[in-house]
Amino acid sequence: KQEVTQIPAALSVPEGENLVLNCSFTDSAIYNLQWFRQDPGKGLTSLLLIQSSQREQTSGRLNASLDKSSGRSTLYIAASQPGDSATYLCAVRNNQGGKLIFGQGTELSVKP
Amino acid sequence: KAGVTQTPRYLIKTRGQQVTLSCSPISGHRSVSWYQQTPGQGLQFLFEYFSETQRNKGNFPGRFSGRQFSNSRSEMNVSTLELGDSALYLCASSWGLNYGYTFGSGTRLTVV
């Protein structure tokens with residue numbers, strides 16, 4: 001059974017820092033992995049999608065990597081800003097079907 | 001381009017009642033999934049529909065049901081509401097297995 005873990009559960013950093021969020025999964029048979037952000041009380045906003053054949057994806061200040069063999073993904077945020085404060089969730093899509101399996105999220109706070 | 005639209009945004013119901021939530025996917029998306037989000041359990045998969053057929057179902061009791069119409073719009077129904085059904089219900093749509101999911105803003109259901 002696929003399990004997804006995100007570390008740390010919460011992170012507080014000063015504005016301008018570069019930071020890394022971690023995501024690990026137990027079953028490497030995935031279609032893809034998707035990173036989302038969620039603001040309090042809101043829906044999920046897709047940040048990056050990495051296919052199982054890809055190693056990384058970049059969008060602006062965000063870079064996500066995928067190491068399928070070790071069951072790990074990282075989300076790198078460069079030059080963090082207070083507007084980056086949110087909960088970041090990673091989710092994997094298994095080969096067995098279309099459903100997403102989510103981690104518990106990392107709550108990020110960027111202090112001005 | 002319109003995103004995923006969920007209605008209503010907020011609902012307050014009494015224990016024992018039933019409720020129907022609606023989701024309109026992005027135009028052209030035929031895959032629609034539903035998730036329940038609670039502080040204790042995080043995001044949990046409810047069901048997935050593709051071209052009016054349920055492809056996957058999560059581990060929820062039979063009180064939770066759904067359907068998809070020919071225009072890809074989807075509804076989910078919860079009967080005999082319990083206090084524990086209070087949650088944010090999120091709908092997501094996708095082109096298919098190799099594509100990412102786009103989420104709606106959710107319906108906040110409170111059962112009193």
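In the text below, chain A, chain B and the rest are named by the order of the sequence lines, each starting its count at 1.
For A/F36 and B/Y101, the gap between ring centers reaches or exceeds 6.0 Å.
Interatomic distance, B/Q44 CD to A/F102 CZ, rounded to the nearest 0.5 Å: 11.5 Å. Taking CG of B/N98 as the start and OG of A/S53 as the end, the distance is 9.0 Å to the nearest 0.5 Å. Separating the OH atom in B/Y99 from the CD atom in A/Q51 is a distance of 8.5 Å, to the nearest 0.5 Å.
Residue B/F60 places its CZ atom among more than 12 non-hydrogen atoms of other residues, nucleotides or ligands, all under 6.0 Å distant. Under a cut-off of 6.0 angstrom, the local environment of CG in B/N59 is sparse, with at most 12 non-hydrogen atoms contributed by other residues, nucleotides or ligands. Other residues, nucleotides and ligands contribute only 12 or fewer heavy atoms inside 6.0 Å of the CZ atom of B/R30. B/K57 NZ: more than 12 foreign heavy atoms inside a 6.0 Å radius. Within a 6.0 Å radius of CD in A/E107, no more than 12 heavy atoms belonging to other residues, nucleotides or ligands are found. Within a 6.0 Å radius of CZ in A/R55, other residues, nucleotides and ligands contribute 12 heavy atoms or fewer. Few gaps surround CZ on A/R61; more than 12 heavy atoms of other groups in view lie less than 6.0 Å from it.
Side-chain contact between A/K99 and B/R55: absent, with no pair of heavy atoms (C-beta onward) separated by less than 4.5 Å. Contact check for B/F45 versus A/I101: no side-chain heavy atoms found under the 4.5 Å cut-off. A heavy-atom distance below 4.5 Å is found between the side chains of A/R93 and B/S94. Contact of the A/L100 side chain with the B/Y35 side chain is registered, since non-hydrogen atoms from C-beta on lie closer than 4.5 Å.
With respect to chain A, the highest number of heavy-atom pairs below 4.5 Å among B/G104, B/G42, B/G106, B/G100 belongs to B/G100.
Looking at every heavy atom in both residues, A/K42 comes nearest to B/L88 through O-CD2, 3.8 Å.
The hydrophobic clustering, which links ILVMFWY residues whose side-chain heavy atoms are closer than 4.5 Å, places A/V13 and A/Y76 apart.
At a 4.5 Å heavy-atom cutoff, B/Q6 makes no contact with chain A through either its backbone or its side chain.
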